[in-house]
Structures are given as structure tokens and as C-alpha cells.
Amino acid sequence: MDDAGVDGRRRDRLVADDDAVEPPTGFSERAVASDEGVYDAFAAEGPAAWRRAADLLDWERPYETVLDDGDPPFYEWFPDGRLNAAANCVDRHLDERGNQLAIRWFGKRGERRSYTYRDLHREVNALAAGLRELGVAEDDVVTLYLPMVPELPIAMLACARIGAPHNVVFAGLSAEALATRLDAADSSYLITCDGYYRREDAFNQKSKADNARLRADADLAATVVVDRLGDALDVSLGDDEHGYEPLVDAHDGETVDPVARDATDLLFVMYTSGTTGRPKGVEHATGGYLAHVAWTTRNVLDVRPEDTYWCAADIGWITGHSYGVYGPLSVGTTTVLYEGSPDYPDRDRVWDLIERNAVSVFYTSPTAIRSFMKWGAEYPDRHDLSSIRLLGTVGESITPKAWRWYREHVGGSEAPVVDTWWQTETGAIALATLPGVTPMKPGKVGPPLPGIDARVVDEDGEPVDPGEPGYLTIDSPWPGMLRGLREGDERYRREYWVEAEDGWRYRTGDGATVDEDGYVTILGRVDDVINVRARRFNTAELESAIVGVEGVTEAAVVGDGDGDIVAYVTTRSDVEPDEALRAAIGDELARSVGDLARADRTVFTPDLPKTRSGKIMRRLLEDIARGEEFGDVSALRNPEVVGEIESSVREE
Ligand code: WTA
């Protein structure tokens, strides 16, 4: 920790650094985290320092132990404490701010709905009672397959209230992906909807859910269907299917006591791409997760109850879980939920929403920022965005250019831009500047947060020299960490942990460098995971879908650094690579993974570049897709294909 934190001496040097941007004075004075002593305090106190986070929550039974690390890597945070996540996100705010807005929802067709904390309490209780009536008991996993409608966070909280872990599946994923996740999570309850709007069209989500039921091995005990589209789409419900609205109406006004959960009990499972073709079920525990999320929402995103806060990520992914639902609601703020896309009905949409709602803290991804830049500064520039006081980014590295653009055109050249690094597995932000304390360096994510023992190391686990590439690891447990994998202890250990002489080291799967001030630059994944469009995909999962198409022999999938997926594909010698084949590949990706997995570019090539041992050189393909210089290719088994691939890419 010591090494990577920003102590006084380092800070002095940093200020002298041309690249460093000081926190704005006015901001620092009012910031939640304004004392630079916090780094030293965490370093001195060890895990006990995280009491600060746990003490932001209401505990049904106070914890005595902060961390049980007796059986690594199975760490237990606040193990003897008991709490309920929904009570922390809803009930405890009622006295002080029952009439304050908790959620402001904006639908794709210009619809609006608002919920005060009191409204949210009523709705969550009614649904919790309804779910009980349908047979959902504590520890039953409930799968949620919903777009960005208020019923999604409400359902998450209703599940949490009765101690039923939720398993949210992104609404854009395919029937097949839903089926796999229902089975893998052992889930017999599903909440979905009739459909939703995609631009002008009503899209039938229910038929995807029906398809998934046919494919899944498990039988569903009950399905709840939200009526999102009204008359625009008629779906009929079977005997074991229940309309959401009648269910909630039938239980309106009832209260369900929040179930006190052990801090180590499962709050939710979230499937994410891992290093094999099958997704991994990442499990998050109730206490440590919520504590870490609440602490970072306050200290990193600087969110307070009086803010109007907008995290633009879809709740179907971890960012939406932690910073669209649990973070903002646990700290009692007003959170914006937006169903639409940023350019519908026009490219003013995002700025218009910020202006009208006086959004003060806005959190999005570099992919989105790149689109905003492409569309042009005139869109944000013609809106009054003076309400913004902090900006955040997450999901991939942001270039200094994009960072500066974001700060200038959205943040009025004043707001801190906090680049936050974390993962589905870390549960909450792990590396970032503290906006009131730590200077920012555009393009560098920043030092590890206080209490996060992140390092950049070589193959042997030794810290690398400043500027040298290495692996990003976390060498001590942290509260938001996954408690395990649905696939079992062995897979969890193998997937993430290395036993070193001095303890267990968590491998993030990211490559990184660190500078002399302890600031980390993320180089990207070192495993078979790619980050595109703020989503995480496993290359093997996409590639196996592509090679499933008749006539395809091999495939390699990479990200182009601009948010696009590029697929390099070889075909059987008797097959003509044409538009029909391209379309078939796109359809197969959509069928097996989801529409969002369609390749943006499919490059047909006679061969893929391989090492002498036959491994596809994905890095090289990535450089080509990005239009970057690449190194010596003479060690390849087939260096001659590189030129051909390059010219096919250029023709694309
Ligand atoms: C990448 C999203 C650079 C990284 C919260 C990580 C980042 C993966 C950043 C996790 C950042 C996340 N700068 N890269 N600020 N934040 N990443 O699980 O490769 O969807 O391992 O969680 O995104 O993606 P996930």
C-alpha cells in the first residue's frame, strides 16, 4: 500500500509534473474526501480501516470482526454482522428524506416517472410480498431480464429485501445466453417484460424469454412479466406467468420485514466473460460489497443526498448495479435512470437531460465519450451544463485527448474528471484519484484507493520499475471483492489467485504500467477478454459462435480501440467469402451471444497469423485493426499473411 499511495513527498513531485491537474480549490474545500491523511490512515490501520465504509451502513446486528482471512483466498468481510441491503437503500432514508426523489426515470418515448424514497418503499414492499406469494424464499435465485425501466431496480431491491439473490441478465443478450444463465445460476424464477422500444420499433422481449425457457434445462416455478409496451405489443401469459402490475396491486400497502442477512450471504450473482468460453457467475456478498460501494460513491464520486446523479451504464452490467442502484440509493441521493440511447431522438438528448434535471455528477464510459466527440462539441456547448460538478469515467482507458474534451465541454473546464478502474469481480472502484485530494493525470487511472493493495508486477510477482509493463494484481483482500464463483471454489482459486510466499495475490487479468508517483496506466487485458462498447466479451465465446457457421474454418476476434469488434475469419477453400456469409456470421453472433456482439467489421483472410507453436497472434491482429505500427513479425510461422490481412483491413 505504502508504495502505491500518494504520500507528501510524492505529491510534491507530482504537483511539479506538467501533466498533473490539481483538484479545483472550490471543489476540494467541499469534497467528501478532503483530507490527504486518508492514505496514511488506511495504510496504518490495515483492514480495520474499512470500518469507515461499513459504518456508512445500518446494521441489524453490528459486526465485531472486520475481516476473517483464516482460509485464503476465501475472505469474509464483517462476518458476524447482519444487515439488509434494501433496508439500507430505502427504509433508512424514510425519516430524513422520505419525500425526496430517489429515482427519476426517462423513457424512450419521452415518458417520465419519478419515485420518492417513500414511493420506492411502497413499491419494493408490494413486489417483495408478491414474490413471496409466488413462492420465492430466502436464498432462491431470481433472474431479472429487463431493460432500463424502474421495475428493474425495484425488483433488485425486492429480492434483496427477502434475501433472494438476484441474477440480472442484460436485456440485449440472446435467448441462448439467458438459458445458460438460468441453468448455471439454478434459478427457478424469472422477471421479464413484454418488450421495449428500440428506436421506433416495439421489440418483443417476451418471445426471447419464452425461447430461453424452451432451451433451459431447469423448469421455472414462476415468471413475472412487466407491461412496458401497453397496447403496442400484446403478449399472452401462461398459467405460471403473472403480470407485474396486478401482482404489485394485489399487495399494495403491505410491508415485508427486511430479512437480516449475514454480511457474507449472497446479495447477487452476475455473469461475466472469463478466460474460457463459458461465462463465470461472480458472487457478491451483502456486507462487504455494499460497504465498499457506498464508500466509493461518497469518496470517489463525491455524491451526496442533495445531488442529482446520473450513471449512464445499463443496470444489466456491474457498473449499473454498483453505481446506478446500490451506490446512489445507499447514500440517499437522487439517481437518474435513462432508458433511451444517447442520440435518440437527437444528439442533444444527454445534454438536455443534464440541463433540465440539473445533474451534478455524471458517470459514463470512454466509448460514450468517443461518440460525443465524434458528434461534435456543438451539442454540449449549446446547453447550460453548469450544474455539473464532477465527471467520472469507467470501462476502458481514456485518452488524454478525450479526457480533456470531456472536462472542457461537459465539465466547464472546471469539474474534476475521475478515471475509475474496477471490475465485475472487484465489485466497486479500486483505483482512482480522490477528487478532493489527489491530482489527476489525464490518461492515467491514478493510484490505488486507500486500502487497496494494488501493484504492477512481473511474472514472479516482483514489482516492475516505473514505466515497465507488468500485470496488475491486488495483494490483499478488499471489501467489495467477489466472495466466490458460482462454478465452485476450485474454479475461483484457479481463475484468480496465485499463492505467493507472502500471501495470496489476486490477478486482475489487466496489463499496466506505474509511474514514479504511483499512478497506474492500464494497458488492457492480458487474457482472452476484450472490452468493447463498455462491455466485456470473451474472445473464445465469440470465436466459437463464428466457427459454428457453415464454411468458416477459423476466427479471431479483437477490439479496435474505438469500441468496435473486428472479426478475422478464414473459410474453407470451396467457400466464397461473400456478403451472405458475412450476414450469417453476424446473425450467429446475435443468436448465441446477443445483438450487441455482432462484429462491426468482418475481415476475410486466407490465414491467421500464428506463432510457431500455433497460437493465434491476437495482439498483432489488434494492432492491425487499430491501424497501429506493429513490431517484427519474422518469428511467425506464416509472416506472409500479415501484408494480406493489412490490405484487406484497409479495403473494409
Ligand atoms: C477494464 C467494468 C482502463 C479493465 C467496471 C477491467 C478499465 C475490465 C477501466 C473490467 C479504466 C475498467 N481504465 N480499463 N478506468 N475500468 N477497465 O468487469 O480491462 O465489465 O479488467 O467491469 O474493464 O470490465 P467489467
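All residue numbers refer to positions in the sequence shown, counting from 1. Since the model is a prediction, treat every value here as computed from it, not as a measurement. Every number for a ligand or one of its atoms is a count from 1 in the order of the listing.
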Item checked: Any side-chain heavy-atom pair of Phe372 and Trp351 under 4.5 Å -> yes
Checklist line | Per atom 21 (O) of ligand 1, closest listed option by heavy atom (Lys444, Met270, Glu396, Arg525) | finding: Arg525
Notebook entry, point to check: Val394 heavy atoms, cut-off 4.0 Å: which ligand 1 atoms fall inside?
Noted result: 5 (C), 16 (N)
Check: Near Asn531, which atoms of ligand 1 are under 4.0 Å from a heavy atom of that residue?
Finding: 1 (C), 4 (C), 8 (C), 19 (O), 23 (O)
Check: Which ligand 1 atoms are under 4.0 Å away from a heavy-atom of Thr319?
Finding: 5 (C)
Notebook entry, point to check: Does ligand 1 have an atom under 4.0 Å from some heavy atom of Gly509?
Noted result: no
Margin query: Below 4.0 Å from ligand 1: does a non-hydrogen atom of Trp421 turn up there or not?
Written below: yes
Next item on the list: Assess the side chains of Asp307 and Ser360: does a donor N or O sit below 3.5 Å from an acceptor N or O?
Entry: yes
Notebook entry, point to check: Can you name the nearest heavy-atom pair linking Leu267 to Ala85, along with the distance?
Noted result: CD1-CB, 3.7 Å
Margin query: Suppose I only count heavy atoms of Asp419 and a 4.0 Å limit; which atoms of ligand 1 are within that range?
Written below: 11 (C), 15 (N)
Check: Charged N to carboxylate O under 4.0 angstrom, Asp562 versus Arg626?
Finding: no
Checklist line | Short N or O distance, Gln423 and ligand 1, threshold 3.5 Å exclusive | finding: yes
Next item on the list: Determine, step by step, whether His321 and His166 satisfy the ring pair (Phe, Tyr, Trp, His ring centres under 6.0 Å) criterion, reporting the C-alpha distance in whole Å, the side-chain angles of both residues, the deciding distance to 0.1 Å, and the verdict.
Entry: CA-CA 11 Å; His321 275 50; His166 52 75; 5.5 Å; yes
Check: In terms of side-chain geometry, is the basic nitrogen of Asp302 or Arg304 positioned less than 4.0 Å from the acidic oxygen of its partner?
Finding: yes
Checklist line | Side-chain ion pair, Glu425 and Arg536, N-O less than 4.0 Å | finding: yes
Notebook entry, point to check: What is the nearest protein non-hydrogen atom to atom 25 (P) of ligand 1, stated with its residue, atom name and distance?
Noted result: Thr424 OG1, 3.6 Å
Margin query: How far is atom 24 (O) of ligand 1 from the closest protein heavy atom, and which atom is that?
Written below: Arg536 CD, 3.5 Å
Next item on the list: Among all protein heavy atoms, pick the one closest to atom 23 (O) of ligand 1 and tell me residue, atom and distance.
Entry: Gly395 O, 3.2 Å
Check: Does the distance from a Lys or Arg side-chain N to an Asp or Glu carboxylate O, for Lys444 and Asp419, drop under 4.0 Å?
Finding: no
Next item on the list: Check each atom of ligand 1 against the heavy atoms of Ser397 and keep those under 4.0 Å away; list them by number with element.
Entry: 3 (C), 13 (N), 14 (N)
Next item on the list: Considering only non-hydrogen protein atoms, determine which one is nearest to atom 12 (C) of ligand 1 and report residue, atom name and distance to 0.1 Å.
Entry: Trp422 O, 3.3 Å
Next item on the list: Flag Thr420 as yes when one of its N or O atoms lies below 3.5 Å from any N or O atom of ligand 1, and as no otherwise.
Entry: yes
Check: Under a 4.0 Å N-O cut-off, is there an ion pair linking Arg525 with Asp510?
Finding: yes
Margin query: Just to confirm my output: which protein heavy-atom neighbour is closest to atom 4 (C) of ligand 1, and how far is it?
Written below: Asp510 OD2, 2.9 Å
Next item on the list: Cation-pi check, Arg486 to Tyr492: give yes when NZ or CZ is under 6.0 Å from the six-membered ring centre and within 45° of the ring axis, no otherwise.
Entry: no
